[in-house]
Amino acid sequence: MEGENPPIQDIQPWKAIDTVYTNEKAGMDSVDKDLIKRVIYEASKDSNFFKKDEEKRKQTNERIARLKEKLAKVTEDEMKRYHATVRDSIRSAERERHLSRIWIHVDMDAFFASVEELDDPSLKSVPMAVGSIGMISTANYIARRFGVRSAMPGFIGKQLCPQLALVKPNFRRYKEKSEETKEVFRIFDPDFESGGLDEAYLDCTAFASVHGISGEEIAEQIRNLVMEKTKLTCSCGVACNKMLAKICSDKNKPNGQFFLSPNIAAIKAFVKDLPVRKIPGVGCVTEQLLNGFGINTCGDVIKNAHVIAAVFTPLTLSFLLTSSLGISTAFHGKKPAPGELSRKGISCEHTFTAKEDENTLLQMVGSLAHELSAAMASESIEGLTVTVKLKLSDFTVRTRSLTLLSPISDPESISRIASKMLRKEFPVKLRLLGIRMSGLSPIANANGKPKGNSKGS
DNA sequence: GCTGGAAGGACCC
DNA sequence: CGCCAGGGTCCTTCCAAC
């Protein structure tokens with residue numbers, strides 16, 4: 001490699017890759033990002049995963065090309081109408097702008113890893129990640145300095161940081177700690193909405209007015225009480241709606257808080273240069289699509305909204321526009337009505353080294369069916385639709401579903417139906433099998449009390 | 001034209 | 001040596017039956 005003089009892309013292909021791992025994240029300031037990219041590239045370049053990923057990126061680029069053709073064919077008249085659509089869309093979004101609510105988004109810092117450090121303080125001084133060789137769910141801040149991060153497979157983490165300690169996740173323990181945080185959240189908002197084990201949205205408007213204190217003061221109290229209760233740190237975002245609060249909670253992570261003043265000027269300034277990727281709901285693909293049209297920030301979204309209108313669905317337009325204006329929900333959503341289930345589906349799936357033996361696979365479906373059935377039994381629910389999920393050895397995903405005439409939950413029925421659907425796919429080489437039940441209803445059981453229905457948090 | 005099921009995807013933690 | 005999760009939600013598109 002040294003002697004020749006190939007184009008720069010050929011000699012440093014890792015510079016071009018920009019995977020999910022390499023974007024900014026707290027704790028990554030002093031890293032050699034180039035080195036990290038290179039190690040990740042070297043570790044994955046020959047894998048099926050990487051091939052699939054490249055293929056997806058290519059397809060998205062082709063999609064961009066098609067959309068650009070479509071855009072080129074838009075007449076002036078049509079474009080005028082898109083501008084009008086945008087004006088309407090902005091007007092109706094502005095009607096949903098509420099500045100008088102106080103939302104706090106609480107985000108536990110490196111939650112799983114911090115819980116492990118709490119239980120074993122020796123982990124505090126070493127690079128450590130919770131997860132397995134297959135996948136990391138959280139890395140502590142020391143490990144992050146090496147480029148180790150969540151959603152990265154452990155073996156890559158090990159290459160970035162050979163001393164990395166991998167700790168097996170203990171979800172029961174995280175759930176316990178999560179419950180402790182919830183006790184704190186309830187003080188400030190009995191109806192708080194939880195977003196997983198490690199984060200929550202609190203509408204603190206009422207608490208603020210009753211106690212005559214500011215959102216920032218409340219955030220201080222929350223952080224102090226969470227620390228007292230759990231011995232863990234968290235970060236808070238204080239803003240006038242849920243989305244802004246969430247973005248703010250990331251600003252001064254870890255163990256910090258950020259307050260966004262509830263006035264239009266401050267919000268506009270905040271949002272102007274905000275990368276679209278920061279909008280919760282905009283992931284890698286949408287980012288790539290938007291970037292393809294030269295749209296990188298929320299400010300760009302507003303400026304080029306007519307292009308978005310011409311090229312994406314109305315729903316996408318209104319979502320992007322609303323978010324980019326710094327507008328989002330400022331009130332709690334309605335809770336599921338009594339008797340209504342809070343969950344829509346229940347599933348279990350497992351990854352394994354690729355297999356094609358039909359009997360082995362059928363046996364695995366059987367055991368999945370039992371697992372799933374047990375999970376359903378513990379919530380006294382049954383379901384109408386069975387969906388089998390297959391991931392082929394090349395990472396292609398297939399789902400096959402069947403809706404029945406009457407709901408089931410027993411392992412034999414689930415197994416029978418799932419097996420039948422799986423058989424139709426043979427021959428296949430699979431790396432993952434999963435079963436999901438949806439169309440759920442509580443089991444009308446004579447003696448059993450219907451537990452686990454309604455009420456999400 | 002609407003509705004409901006099936007399949008595929010994007011996204012979140 | 002090879003190793004890239006598992007639990008969800010929601011949206012879009014297609015197609016068939018009303």
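Below, chains carry the letters A, B, ... as their sequence lines are ordered, and counting in each starts from 1. Just so you know, these numbers come straight off a predicted model, no measurement behind them. These values consider heavy atoms only, across backbone and side chains, with no hydrogens, waters or symmetry-generated copies.
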In dot-bracket form, 5' to 3', how is DNA chain B paired? Count Watson-Crick and G-U wobble pairs only if both distances fall under 3.5 Å, and write | where the partner sits on another strand. |.|||||||||||

On a heavy-atom basis, which atom in A:A375 and which in A:I346 lie closest, and how many Å separate them? CB-CD1, 3.9 Å

Are side-chain heavy atoms of A:K278 and A:D250 found at a separation under 4.5 Å? yes

Partner set under side chain to side chain contact (heavy atoms under 4.5 Å, CB included) for A:S178, not counting sequence neighbours: A:F111, A:T181, A:K182, A:L197

Quick check: does any side chain N or O of A:T230 sit under 3.5 Å from a backbone N or O of A:L232, one acting as donor and the other as acceptor? yes

For residues 152-171 of chain A, pull every pair meeting side chain to side chain donor-acceptor pair (under 3.5 Å), keeping only residues two or more places apart or in separate chains. none

Are the side chain of A:T60 and the backbone N or O of A:K56 linked by a donor-acceptor pair below 3.5 Å? yes

With the side chain defined as heavy atoms from C-beta on, A:L432 is closest, among C:dA5, C:dG6, C:dG8, to C:dG6

Check the pair A:N241 / A:S328 against side chain to side chain donor-acceptor pair (under 3.5 Å), numbers first and verdict last. CA-CA 6 Å; A:N241 64 48; A:S328 89; 3.1 Å; yes

If you measure only the distance, is there a donor-acceptor pair under 3.5 Å linking the side chains of A:S47 and A:K45? no

Candidates C:dA5, C:dG6, C:dT9 - which lies nearest the side chain of A:H350: C:dG6

Nearest to the side chain of A:R436 - C:dC3, C:dG6, C:dT9? C:dT9

Using residues 402-412 of chain A as the side-chain source, report each donor-acceptor pair under 3.5 Å to any protein atom, sequence neighbours left out, with the distance given to one decimal.
| from | atom 1 | to | atom 2 | distance (Å) |
| --- | --- | --- | --- | --- |
| A:T403 | OG1 | A:T385 | OG1 | 2.9 |
| A:D410 | OD1 | A:S413 | OG | 2.7 |
| A:D410 | OD2 | A:S413 | N | 3.0 |
| A:D410 | OD2 | A:S413 | OG | 2.8 |

Can you give one letter per nucleotide of nucleotides 10-18 of chain C, going 5' to 3': B for a protein heavy atom under 4.0 Å from the base, S for sugar-phosphate only, - for none? SSS------

Pick from A:R63, A:E62, A:R57: which one makes a side-chain contact (heavy atoms from CB on, under 4.5 Å) with A:Q59? A:E62

Nucleotide-resolved protein contact map, nucleotides 6-13 of chain B, B/S/- at heavy-atom distance under 4.0 Å: SSS-SSSS

